[in-house]
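Beneath this line is the structure, given in structure tokens, with notes to follow.
For clarity, every value in this text was computed on a predicted model and none was experimentally measured. So that the names make sense, note that chain A is the first sequence line, chain B the second, and so on, each numbered from 1. All values below come from the heavy atoms of this structure, side chains included, with hydrogens, waters and symmetry mates left out.
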There are 2 protein chains.
Amino acid sequence: MSRDTGGGGSTSAARSRLLTTATRIFYAEGIHSVGVDRIIAEAQVTRATLYRHFTGKEELVLAYLGQADLGIRAQVEAARAGEETAAGEVRAVARSIADGIRSPGFRGCAFLNAVAEYPDPAHPVHRAVLAHRQWFLDTVTELLARIGDAPADGDGRHLVMLRDGAMAAGCLFDPELVCETFLRGVEDVVRSRGA
Amino acid sequence: MSRDTGGGGSTSAARSRLLTTATRIFYAEGIHSVGVDRIIAEAQVTRATLYRHFTGKEELVLAYLGQADLGIRAQVEAARAGEETAAGEVRAVARSIADGIRSPGFRGCAFLNAVAEYPDPAHPVHRAVLAHRQWFLDTVTELLARIGDAPADGDGRHLVMLRDGAMAAGCLFDPELVCETFLRGVEDVVRSRGA
DNA sequence: ACAAAAAGAGACCGAACGTTCTCCCTCACT
DNA sequence: AGTGAGGGAGAACGTTCGGTCTCTTTTTGT
């Protein structure tokens, strides 16, 4: 068990525990306010093991965001699967986002939270957030472009803006009301494109 | 100069410098990542002076948010003044928000940024953010209620959601496009109420 | 003029930070 | 059987953190 196939990404029980723990704690409590001691303690790993797999805390943060990125891409893909129309896919993605907001332990968007702690645009963490956001904007814009003939750029930005607002407010207001408002807004956008 | 009138809030040159500096740095760089040393150095104040005016860093953070709250209330009030209709007031507030997003040095919403660093709902900083947001939601909802006869709660939440999304994306995407999308969304809400 | 408050200067504290180090043990593959 | 990487355990590094302290100087109101 826990053998590296020699390919690209390394895998091991300790590294996996480290990443899972870091993901949980960083998402729930923020990044700057938790030290590596907390993470290695809860991951039941020694300090040396951390620095054997990551060059430092920053790389651990980047791995956390990388994992979050993979998770969201999978979530979007899963939501789109099974839908037959582009409008159906957009609605399914929106429902999936709403489900996340309603989930216990929801603490907002991991990327928006992270970028609030890394305002420097040149910082790798900040850039990772921008990259993820660009992917999401492109994805929903392409999806919307398949509904009707109107240019989709504005509607894509509109949808992302609603999502950002919903993710930000989802852990500050009543999640149920936030989801209702969000889904209604998405429906308006989809209908305005003739679906 | 710099004399306390004996009323409620104390005023002094050093305290004012401290608060101005803290506001600037906390907003631009975050809270947990800047130490009191940075603040006292740039405020040209000694350590003892900080702790003479504030019980600790946390109180300084709360004072920072209090100042930001006052600033936004004044901004909203200024935008509303001179408008003759409720719809005009909503549009003016939205334009004022867009102006902020377009301003150089815009780093998003001070409250959303702060709450990302204080996820604990029981923490005073977190609660200060919730209080500010509740005020803003109430304000725009009351304003929207004066346009048309339909219930305004949903539209108020919709408008706040757009604002949150715009503030979050305003320093991550092209501010001009963000403002355009935001103002269009606000216009849709206002028009849907018959204005 | 005088007393009180505010501010400056800087030493100092214990704790936590991220990081590096050595030593030894346990596996898995050759 | 042996070799080398992965991991556990823990000491130690220098730095920074938030916060407290004493002492002196400046300012301010009476």
Side-chain angles (χ1 to χ4, degrees), chain A residues 1-23 25-26 28-65 114 117-118 120 123-125, chain B residues 1-23 25-26 28-65 114 117-118 120 123-125:
Chain A
M1 208 201 309
S2 78
R3 199 63 213 113
D4 190 342
T5 53
S10 61
T11 321
S12 81
R15 186 195 155 94
S16 169
R17 246 180 300 147
L18 223 24
L19 196 44
T20 300
T21 305
T23 294
I25 302 185
F26 283 153
E29 302 183 29
I31 298 175
H32 288 318
S33 59
V34 310
V36 295
D37 295 26
R38 266 285 302 286
I39 292 168
I40 64 172
E42 298 202 21
Q44 298 190 102
V45 162
T46 58
R47 220 177 226 74
T49 303
L50 198 174
Y51 289 96
R52 216 174 276 124
H53 288 284
F54 303 94
T55 61
K57 185 185 181 182
E58 181 180 311
E59 197 173 284
L60 189 59
V61 174
L62 288 170
Y64 150 58
L65 290 182
E117 299 200 54
Y118 292 88
D120 179 7
H123 195 286
V125 171
Chain B
M1 205 204 307
S2 77
R3 198 60 214 115
D4 191 343
T5 53
S10 61
T11 322
S12 82
R15 187 195 154 94
S16 169
R17 245 180 302 147
L18 223 24
L19 196 44
T20 300
T21 306
T23 294
I25 302 185
F26 282 154
E29 303 185 26
I31 298 174
H32 288 318
S33 59
V34 310
V36 295
D37 295 26
R38 265 286 301 287
I39 292 168
I40 64 172
E42 297 202 20
Q44 299 191 100
V45 163
T46 58
R47 205 179 220 72
T49 303
L50 198 172
Y51 290 97
R52 213 174 279 123
H53 288 285
F54 304 93
T55 62
K57 184 184 180 181
E58 180 180 312
E59 197 175 282
L60 188 59
V61 174
L62 289 170
Y64 151 57
L65 290 182
E117 299 201 53
Y118 291 88
D120 178 7
H123 195 286
V125 172

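The closest side-chain heavy-atom distance from A/Leu65 to A/Val125 is below 4.5 Å. Side-chain contact between B/Phe54 and B/Leu62 is absent, with no heavy atoms from C-beta onward closer than 4.5 Å.
Rounded to whole Å, atom C1' of C/dG8 lies 14 Å from atom CG of B/Leu50. In this structure, A/Asp37 atom CG and C/dC17 atom P are separated by 5 Å, rounded to whole Å. If you take CZ of A/Phe54 and P of C/dT19, they are 13 Å apart, rounded to a whole angstrom. In this entry the distance linking CD1 of A/Ile40 with P of C/dT20 reads 14 Å, nearest Å. Taking atom NZ on B/Lys57 and atom C1' on D/dT16, their separation rounds to 11 Å, with Å as the unit. The interatomic distance linking A/Ile39 (CD1) with C/dT19 (P) rounds to 11 Å, in whole Å.
One cannot find a donor-acceptor pair under 3.5 Å joining the base of C/dG18 and the side-chain atoms of A/Arg47.
Remark: A/Glu59 CD is packed, more than 12 non-hydrogen atoms of other residues, nucleotides or ligands lying under 6.0 Å away.
For A/Thr46, counting side-chain heavy atoms from C-beta on, the closest listed nucleotide (D/dG8, C/dA9, D/dG18) is D/dG8. Of the candidate nucleotides D/dT20, D/dG7, D/dA9, D/dA9 has the atom lying nearest to any side-chain atom of A/Ala48.
The phosphate of C/dG8 has OP1 or OP2 within less than 4.0 Å of a side-chain N or O from B/Arg17. Side-chain N/O atoms of A/His53 include none lying less than 4.0 angstrom from OP1 or OP2 on D/dG6. Regarding contacts with the backbone of D/dC17, every side-chain N or O of B/His32 stays at 4.0 angstrom or more from both OP1 and OP2. Between A/Tyr51 and the phosphate of C/dT19, there is a side-chain N or O to OP1/OP2 separation shorter than 4.0 Å. For C/dG8, one of the phosphate oxygens OP1 or OP2 lies less than 4.0 angstrom from a side-chain nitrogen or oxygen of B/Thr49.
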Apply side chain to side chain contact (heavy atoms under 4.5 Å, CB included) to A/Ile31 and B/Glu117, showing your working. CA-CA 8 Å; A/Ile31 298 175; B/Glu117 299 201 53; over 6 Å; no

Does A/Leu50 form a side chain to side chain contact (heavy atoms under 4.5 Å, CB included) with A/Leu18? I'd like the steps, not just the answer. CA-CA 7 Å; A/Leu50 198 174; A/Leu18 223 24; 4.2 Å; yes

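Each of A/Val36 and A/Arg52 lies near DNA chain C, and the nucleotide nearest A/Val36 is the one positioned closer to the 5' end. Sequence order on DNA chain D of the closest nucleotides to A/Gln44 and B/Ile31 puts A/Gln44 first from the 5' end.
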